[in-house]
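Note sheet for the following structure.
Throughout, protein chains are lettered first and strands after them, A, B, ... in sequence-line order, and every chain is numbered starting at 1.
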Amino acid sequence: MQLHEWTQDPKQAIILQKQLASRVEKNDRLPDKINFVAGVDIGFEKQGEDTITRAVIVVLNYPTLQVVDYALHREPTRMPYIPGLLSFREVPAAIAAYQKLKQQPDLLMVDGQGIAHPRRLGVASHLGLWLDKPTLGVAKKRLCGKHPELPPQKGSHVPLEDKGEIIGTVLRSKDNINPLYLSIGHRISLQTACNWVNACLTKYKLPEPTRQADRLASRRVPEEQIFKEWQIL
DNA sequence: GCGACAG
DNA sequence: ATCTTGTCGC
């Protein structure tokens, strides 16, 4: 943690993104064997005037995809949502949640873009750099770039391109359901990132790591019920 | 200037 | 992201 990885000022944040983007590793540099894959997602709770940021990280065993650990961290929201500067709003809370984990993951799948970003530094890349961990981005919507239409069948995929550069892959993870936007986060190639997402897909649109994190972060499922399902201690 | 715009 | 009811389709 030599250089500051965060700022609250939008102007400085953009400058910082450009610097950090050059440090993102787009080639594979992950453990020989991946035993634990994590899902990261952030939710928000209204608290009258202000809001609380709720960061969740769930660690699953691979290939069983069973949840073996998780961490939840809540803190006052520090920044408003500004397209292109999402990581400055979410990453600090994610770091705090990560430090609460007992089981460190080998790879993290983050809800949002990796380098499929105007300045090539989406939330997945920012988090990966900060933690110096392999990460990949799994977004439900496009931030930038363009791509051809893709078939409605699960498994179909097309490249996401921006300014003559392939920045990600648009993947249909389920029949007739809007596709996912996958991209390199840090220390992983696009091909390997896509392979891991595919390896973690079951019957739902989202791969298990982020699907489980999303359920807890968004509070769509009572926390008490989730505990019973996961059966972890 | 106009439209787009992760979560 | 969050606020929110019913509704169409596999």
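- Checked options A:L171, A:D175, A:I177; the residue passing with A:K154 is A:D175 (criterion: side-chain contact (heavy atoms from CB on, under 4.5 Å)).
- Atom-to-atom, CD of A:Q113 to P of B:dA6 comes out at 8 Å; the value is rounded to the nearest Å.
- The side chain of A:K146 places no N or O atom within less than 4.0 Å of a non-bridging phosphate oxygen (OP1 or OP2) of B:dA4.
- In this pair, A:Y181 does not lay its aromatic ring on the base of B:dA6; centres under 5.5 Å and planes under 30 degrees do not both hold.
- Salt bridge absent: A:K33 and A:D106 never bring a charged side-chain N and a carboxylate O closer than 4.0 Å.
- To the nearest angstrom, P of B:dA6 lies 15 Å from CG of A:D41.
- Within 4.0 Å of A:R142, counting heavy atoms only, lie sugar-phosphate atoms of the nucleic acid but no base atom.
- A salt bridge is absent between A:D132 and A:R23: the closest approach of a Lys/Arg side-chain nitrogen to an acidic carboxylate oxygen does not fall below 4.0 angstrom.
- At whole-Å resolution of the value, CG in A:L85 and C1' in B:dA4 are 15 Å apart.
- Residue A:G84 is in base contact, counting any heavy-atom pair closer than 4.0 Å across all strands shown.
- Among the protein residues, A:D111 comes within range of the sugar-phosphate backbone only, with heavy atoms under 4.0 Å from sugar or phosphate atoms but none that close to a base.
- A:K141 has its NZ atom 10 Å from the C1' atom of B:dC5, to the nearest Å.
- When heavy atoms are screened at a 4.0 angstrom cut-off, A:L180 is found touching no nucleic acid atom at all.
- Within 4.0 Å (heavy atoms only), A:F44 reaches sugar-phosphate atoms of the nucleic acid but no base atom.
- Using a 4.0 Å heavy-atom distance criterion, A:E45 is classed as making no nucleic acid contact.
- If you check every strand for non-hydrogen atoms under 4.0 Å, A:K140 touches sugar and phosphate atoms only.
- Comparing B:dA4, B:dA6, C:dA1 against the side chain of A:R220 picks out C:dA1 as the nearest.
- Rounded to whole Å, the distance from CG on A:L206 to P on B:dA6 is 16 Å.
- Atom-to-atom, CZ of A:R54 to C1' of C:dT2 comes out at 14 Å; the value is rounded to the nearest Å.
- Rounding to whole angstrom units, CD1 of residue A:I167 and P of B:dA6 are separated by 13 Å.
- Taking atom CG of A:D214 as the reference point, atom C1' of B:dA6 lies 14 Å away to the nearest angstrom.
- Remark: side-chain polar atoms of A:H186 are not paired, donor with acceptor, to backbone N or O of A:S125 under 3.5 angstrom.
- Contact check on A:K140 versus A:D111 returns a salt bridge, with a Lys/Arg side-chain nitrogen under 4.0 Å from an Asp/Glu carboxylate oxygen.
- Side-chain atoms of A:E90 lie closest to B:dG7 of the nucleotides B:dG7, B:dC5, B:dA6.
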